[in-house]
Amino acid sequence: MWKERIRILVVEDNPDDAELTSLALAAVKEPKVDVIHAYDLKSAVRRLGESSFDTVLLDLSLPDSDGMATLERIRECSNRVPIIVLTGLSDTATALLSLDHGAQDYLLKNAATSEVLLRAARYAIQRQQMVLALVAANELLEKKNLHLAKLHETAHRFVDNVSHEFRTPLTVIKEYTALMREGLLGPLSAEQQQVLDIVGDRAEDLNTMVDDMLDSSRLEAGMLGMRRESCQVTTIIDNVRQSLQRKAAVKKVTLEIKIEDDLPDVFCDAHKAERVIVNLAINAMKFCKEPGFVTIFARRMESSNDIVIGVTDNGPGVDEQFRRTIFRRFTQLDTETKDSTKGFGLGLSIARELVDLNFGEMDLKSENGDGSTFSFTLPIAIPSEIVQRYVARIASCRDGVRSIAIVRVGIAASSDPAQADDADSFLSYVLRSNDLHLRLDTARWLLLFNVSELELPSTLGRVATALGDLNRNRINGRLPEVRCESLGVFQATNHQAELTELVQRELENIGEGECVIPISSY
């Protein structure tokens with residue numbers, strides 16, 4: 001509701017103008033206006049300090065101050081009181097400058113009638129109230145955001161701490177179970193062997209849940225590391241074959257593995273691909289019928305430069321209504337399973353995110369009552385193809401930076417091959433999941449950082465710091481000097497072709513570069 005009485009401070013050094021302004025305000029019938037005069041800046045500042053006002057009518061030219069300095073000084077004294085500049089100068093530039101410096105309005109003295117002054121005062125007071133309300137709301141929102149950020153950080157820290165605390169007892173359980181199953185602590189009966197198999201299987205289930213919790217936390221925080229490199233599909237599947245065969249035996253599920261001959265190498269983080277296979281296979285064994293049949297397959301896709309890896313089961317299938325939501329976090333199907341093992345509903349969600357980080361796609365084919373096939377793709381190790389997918393992925397990100405910095409990295413060509421491999425491992429270690437690392441030869445790399453131009457120096461500084469820390473603590477001596485050269489920072493959304501072409505030139509011409517800058521200079 002509008003005030004019944006308002007107080008206005010008129011700052012005017014000309015007595016005649018001050019009197020005319022007072023008479024105009026006195027003619028206002030509603031609301032009642034109390035007018036207080038100040039004839040210079042010093043007295044105006046004193047008045048503002050002694051009492052509260054609803055608005056200030058300010059002449060910019062005073063005996064002890066002039067121009068924008070007058071407005072700024074009044075603004076400093078009481079930034080909550082709206083200011084209306086009242087001047088005899090009809091100057092658009094001055095009017096706009098006054099508004100830029102915090103005035104709510106700009107009026108000419110010869111047009112300052114009672115109606116004009118009242119309307120200006122009302123609008124100024126209302127606008128100032130809105131500004132103050134927005135400021136208060138913004139401060140409250142910032143406090144809430146800070147509180148949420150702290151809660152978010154605390155939650156991630158809690159998940160990491162709990163997950164790591166699980167590791168020690170889990171490791172002990174798995175090691176002692178393995179010793180007993182192998183007969184190193186004495187002979188076992190068939191029944192004892194079966195029980196130990198179940199214990200080992202449940203320990204593996206718990207270990208998978210811990211991995212899911214850690215990966216979920218790291219994905220959310222953007223801290224999950226990736227080491228993408230050329231890998232053999234047979235090696236990836238062989239690394240999980242034994243544990244999955246053991247789990248299938250415990251669950252009385254027939255597990256079959258079919259890998260197409262002569263598959264080309266893929267470019268991926270092999271450990272992340274293995275995690276996806278394990279999650280899909282565990283899910284398949286959990287939901288298959290009795291007797292259970294699960295098949296893991298790998299073959300080349302005819303329509304693209306991809307290898308598809310999939311897991312097929314003979315379970316009840318996935319209802320159509322769940323097929324769009326099944327990859328969401330904390331989603332679990334309300335379906336009877338072969339055992340009572342329950343996870344957090346993270347497995348398929350994390351699997352999909354890991355596939356995305358490996359530049360692949362997840363797919364589900366299912367018929368009610370006729371089983372399901374969960375599959376994912378991995379790109380064949382063709383550098384130009386990898387770069388295209390990487391750039392497209394960064395360009396499609398909804399949040400975060402969409403620019404890519406390309407950095408050429410090298411070490412002395414005469415370096416020991418083992419040291420070059422260690423340098424490769426180091427460069428992979430310092431990259432984040434949204435960065436890309438391409439090894440051109442034994443001693444040269446291309447690094448693609450998902451950073452802006454302003455962030456690139458600090459990013460390279462982080463790499464230099466990590467290298468210094470590594471060399472101080474490295475038992476086998478220091479790594480050779482790592483040198484880098486920035487080839488530019490590009491917007492992924494607007495320069496996909498240019499980015500790809502530049503990288504392609506680097507791949508085709510990996511001779512000695514010029515103007516190579518030591519990374520330690522950042």
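What's counted below: heavy atoms across the whole structure, side chains too, no hydrogens, waters or symmetry copies.
- Judged by distance alone, the side chain of N358 and the main-chain N or O of D269 form a donor-acceptor pair under 3.5 Å.
- One N or O on the side chain of N450 and one on the backbone of V401 form a donor-acceptor pair closer than 3.5 Å.
- Residues T234 and L263 have side chains not in contact (no heavy-atom distance under 4.5 Å, counting atoms from C-beta outward).
- Under 4.0 Å is where a charged nitrogen must lie from a carboxylate oxygen, and between D421 and R439 at least one such pair does.
- Put simply, OG1 on T312 and CD on E256 are 10.0 Å apart, with the number rounded to the nearest 0.5 Å.
- Once rounded to the nearest 0.5 Å, the distance linking NE2 of H437 with CZ of F426 reads 11.0 Å.
- Residue pairs meeting the salt bridge (charged side-chain N to carboxylate O under 4.0 Å, His left out) criterion with at least one member in residues 296-318, sequence neighbours excluded, are D306-R389.
- Environment of CD in E453: sparse, with no more than 12 heavy atoms of neighbouring residues, nucleotides or ligands closer than 6.0 Å.
- One finds the CG atom of N314 at 6.5 Å from the NZ atom of K289 (value rounded to the nearest 0.5 Å).
- With sequence neighbours left out, S230 forms a side chain to side chain donor-acceptor pair (under 3.5 Å) with D265.
- By the side-chain contact (heavy atoms from CB on, under 4.5 Å) test, V311 pairs with L280, A284, V294, I296, sequence neighbours left out.
- Here the straight-line distance linking atom CG of L479 with atom CD1 of I411 works out to 8.0 Å at 0.5 Å rounding.
- For V451, the side-chain contact (heavy atoms from CB on, under 4.5 Å) partners two or more places apart in sequence, or in a different chain, are A405, R432, F449, E455, L456, T459.
- Between the side chains of N239 and H271, no donor-acceptor pair is found at a separation under 3.5 Å.
- Taking CD1 of I237 as the start and CD1 of I257 as the end, the distance is 6.5 Å to the nearest 0.5 Å.
- With sequence neighbours left out, E229 forms a side-chain contact (heavy atoms from CB on, under 4.5 Å) with R227, C231.
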Please walk me through it: do E139 and K143 pass salt bridge (charged side-chain N to carboxylate O under 4.0 Å, His left out)?
CA-CA 6 Å; E139 289 176 352; K143 289 180 180 179; 5.9 Å; no
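- Summarising the local packing, CE of M180 is surrounded by 12 or fewer heavy atoms from other residues, nucleotides or ligands at distances under 6.0 Å.
- Between R241 and L255, every side-chain heavy-atom pair lies at or beyond the 4.5 Å cut-off.
- With R228 contributing its side chain and S428 its backbone, the two residues share no donor-acceptor pair below 3.5 Å.
- In this view, S189 and E191, Q192 satisfy the side-chain contact (heavy atoms from CB on, under 4.5 Å) rule, not counting sequence neighbours.
- Side-chain contact check for I307 versus I380: some heavy-atom pair is nearer than 4.5 Å.
- More than 12 non-hydrogen atoms from other residues, nucleotides or ligands lie less than 6.0 angstrom from CZ of R474.
- Paired with L438 under the rule side-chain contact (heavy atoms from CB on, under 4.5 Å), one option of W445, Y390, F267 passes, and it is F267.
- The structure places OG1 of T377 at 9.5 Å from CD1 of I309, a figure rounded to the nearest 0.5 Å.
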